[in-house]
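So the structure is just underneath, and the comments pick up after that.
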Amino acid sequence: MVLLGAGCGIPAASDVRVDGKGGAATEAGVISRGSEPPTRTASGSVNEAFVRNFLSAAAGEPDRAYERVKAFIAPEDKIRLQDKKGSEVALNVVRLGEAVYTLNSDSTTTVKIAVQQIGVLRANGTLAPPVATETEYEFGVRSASFNGGVNDDRAGLYVINPPNVLLLSDTALREYYQDETIYFWSSDRTRLVPDQRYRPQAVPVERRVNEVVKWLVGGPSDWLRPGVVGLPDRTELINNATGGNGRWEVNLDMSGDDQNGIEQLITQIAWSLGDLSGQLELKIRNNAQPVVDLNERRGSQALYPEAVSPQRFGVYDGAVHPLDFEGELSGTVPLAPEVNRNVVSASLGLAKERRILAAMVVTGSKNRYRLAVGTGADPVTALSRSGTEYSAISRPVWLRTVDSRPARGLVVADGQLYRFDDMARMYPVPLNLPSAEVTAVAAALDGQRVALIAGGRLYVAAVNLDGGGVSIGPPRELVTSLTNPTAVDWGREDQLVVAGSVGQPAIYEISVDGALETPLRTDLGAKVTHLTAYPTNRSVRVPAGAYMYEANGVAYRSSPFERIEPGRVRDIAPVPAGVRPSNPSAPFFLY
């Protein structure tokens, strides 16, 4: 019995990483080493290695996926796998569990593999929710020299009685694809919103521009559509995007001659190409626009105009205080002393023109709580309070905007998701979910995507802020190894930091589609009741992986991992001798 998913090189506890997607283009035609999955004979006659390679064979450009997989299948069984072409090619991505190998009397081997269905990788690079429901696949393995009488490593092995779908393991997805972030304009066209895609590493670099533009023309992922807008209807790519050596040409058949829309499209393409440098010449129906330098366009059109390096804060004896760590920026509390009282948890943010957004959970009467909200110049001197008290309220989160519209946020109270305004008025937000019991909410830096925990399941959803309200699109459930999630926040544009259980309490980093997982802490010892992260982004280059959490009444930080001691809390009165100091609680980032 073998755990196929093991040995993938993911540590049980990870330290700081610097987030940097993309990379400069290399010479035309260059394919990165190891970008193609192994051939059928690469594993010799070793069953376990052969099966791992078989579950990687579909990786790469979609139009040859069936050809690569059928090379592993015995000639007499190739007909069992019916080919599909072009955009119809879809790979069932599975997370591998235990595999059982049974040697049969005819010298064949029966393989049974436990799987978790993660999603369907489409030809357009999106990972859609899973369709298949199988939790196990069974097939056979025989020697390729079975009929020739010579069983040697050079002949290799064949799959017999194969599954009738294309399977791709999650480890192969990580190894043979580059996860990319492209961007679509929000529904009000005020900001760019990230969308995750996967590009086969076997695609030559000079085709990267062409692939990205095709993705943009094809539109956003299904779950993101309610919060963003695609390119105008019937937009098509005229021929392929061409270029190299630092100059790229894209020709689109696109309706309309709105110059502002064309400028927004250029910005959208520039950010969707990651860190690719060089010049872009966009043509609309063969009419050339001025050539744009990609780096200059990204520099002049920031993704997150108000993003700054984060500052750490926490709650100590009912008040918000700065947390001091060597080498980090530490500021003053942007709350006047008269409103910085009776605090249980808080969310402070920076809006346009350095306006402070303050939302806090404060104590009410008889073990009940209220939402308190205040906005304005630093320091905030007045708070409005919700008209209703609740038995439980989550840490509130702000939906960030890039203009001067009134601030809005989200909070969970007594199992119901609410939106709130700057006067602490709360309005229920309907969700189309099997369970109405919501326990946590987190908002992405773009303000157009949220993560939710409801009914013990993890979801993402798009946000639409049109018309002054807040509506949440149909949530997409993420399939993960974690069970019973308790807390979530956004750690990067395309990654969540999630607390749950893998037999014991743990914290994982999970991609926004649930496919890619990295254990961050697996030795917590107690359930996480509070979690906060700084969403690393391309506007502020700081180390990724910064998060803080609370478990069993004790607060911790990552990178390096350590308990947040009372000595880290600034501006508190000395504790008298013989008196045990309070524990800092509910840590958070201000940015």
Practice task
Given side chain to side chain donor-acceptor pair (under 3.5 Å), test Glu517 with Ser481 step by step and report yes or no.
Solution key: CA-CA 8 Å; Glu517 296 184 339; Ser481 298; 2.9 Å; yes
Practice task
Check whether the ring centres of Tyr427 and Tyr418 lie less than 6.0 Å apart, and answer yes or no.
Solution key: no
Exercise for the section: Find out whether Gln448 and Leu192 are in side-chain contact, i.e. whether some heavy atom of one side chain is under 4.5 Å from a heavy atom of the other. Expected result: no
Handout entry: Centroid-centroid under 6.0 Å between Phe420 and Trp398 rings
Key = yes
Problem - Short side-chain donor-acceptor distance under 3.5 Å, Ser582 and Asp317 - result: yes
Handout entry: Flag for Ser221-Asp195: side-chain donor and acceptor within less than 3.5 Å
Key = yes
Exercise for the section: Flag yes if more than 12 heavy atoms outside Arg199 fall under 6.0 Å of its CZ atom; otherwise flag no. Expected result: yes
Completion exercise
In terms of heavy-atom contacts, Pro220 and Arg225 come closest through O-NH2, 3.3 Å
Handout entry: Pair listing, ring-ring contact (aromatic ring centres under 6.0 Å, His included) test, anchored in residues 314-365, at least two apart
Key = none
Completion exercise
In short, Leu329 meets Ser309 closest at the heavy-atom pair CD2-O, 4.2 Å
Problem - Single hit among Val333, Leu323, Thr332 for side chain to side chain contact (heavy atoms under 4.5 Å, CB included) with Arg570 - result: Thr332
Exercise for the section: Verify the neighbour count for atom CG of Asn552: are there more than 12 heavy atoms of other residues, nucleotides or ligands below 6.0 Å? Expected result: no
Practice task
State, with a plain yes or no, whether a side-chain heavy atom of Val497 is found less than 4.5 Å away from one of Leu531.
Solution key: yes
Practice task
Ignoring hydrogens and angles, state whether a donor on the side chain of Ser277 or Asn295 is under 3.5 Å from an acceptor on the partner side chain.
Solution key: no
Handout entry: Heavy-atom side-chain contact between Tyr549 and Tyr547 under 4.5 Å
Key = yes
Practice task
Indicate yes or no: at least one non-hydrogen side-chain atom of Leu294 is less than 4.5 angstrom from one of Leu273.
Solution key: yes
Problem - Contact summary for Ala551 and Val528, nearest pair of heavy atoms - result: CB-CA, 4.2 Å
Handout entry: Any donor-acceptor N or O pair under 3.5 Å, side chains Arg563, Asn583
Key = yes
Fill in the blank from the handout: Per side chain to side chain contact (heavy atoms under 4.5 Å, CB included), Leu452 is matched among Leu458, Leu410, Val488, Val441 by Val441
Problem - Heavy-atom side-chain contact between Ile564 and Glu550 under 4.5 Å - result: no
Problem - Ring geometry between Phe313 and Phe588 (parallel below 30°, tilted from 30 to 60°, perpendicular above 60°) - result: parallel
Problem - Test item: Gln416 and Val438 side chains (from C-beta on) under 4.5 Å apart, heavy atoms - result: no
Problem - Stepwise side chain to side chain donor-acceptor pair (under 3.5 Å) check, Ser471 with Asn464 - result: CA-CA 5 Å; Ser471 61; Asn464 191 307; 4.6 Å; no
Handout entry: Intermediate values then yes/no, side chain to side chain donor-acceptor pair (under 3.5 Å), Glu493 and Tyr304
Key = CA-CA 11 Å; Glu493 286 184 321; Tyr304 309 107; 2.8 Å; yes
Practice task
Answer whether the closest heavy-atom distance between the side chains of His530 and Arg395 falls below 4.5 Å.
Solution key: yes
Practice task
Please tell me if the side chains of Trp490 and Arg449 come closer than 4.5 Å, counting only heavy atoms from C-beta onward.
Solution key: yes
Exercise for the section: May I ask you to decide whether Glu263 forms a salt bridge with Arg297, counting only side-chain N to carboxylate O separations under 4.0 Å? Expected result: yes
Exercise for the section: Locate the shortest heavy-atom distance separating Leu482 from Ala499; write the atom from each residue and the value. Expected result: CD1-C, 4.4 Å
Exercise for the section: For the residue pair Glu328 and Gln311, confirm or rule out a side-chain donor-acceptor distance under 3.5 Å. Expected result: no
Exercise for the section: Of all the heavy-atom pairs spanning Asp466 and Ser187, show the shortest one and how long it is. Expected result: OD1-OG, 3.2 Å
Problem - Minimum-distance pair of heavy atoms, taken over all atoms of Ala555 and Pro584 - result: CB-O, 3.6 Å
Compile the donor-acceptor pairs under 3.5 Å between side chains in residues 352-369 and protein atoms, sequence neighbours left out, one pair per line.
unit_1 : atom_1 : unit_2 : atom_2 : d
Ser365 : OG     : Glu389 : OE1    : 2.7
Ser365 : OG     : Glu389 : OE2    : 3.4
Arg368 : NH2    : Glu389 : O      : 2.9

Practice task
Check whether the side chains of Arg197 and Thr126 place a donor and an acceptor atom closer than 3.5 Å, and report yes or no.
Solution key: no
Exercise for the section: Test the Arg521-Phe561 pair against the cation-pi criterion, namely NZ or CZ under 6.0 angstrom from the six-membered ring centroid and within 45° of the ring axis. Expected result: yes
Practice task
Taking atom types as modelled, find out whether Thr267 and Gln301 have a side-chain donor-acceptor pair closer than 3.5 angstrom.
Solution key: no
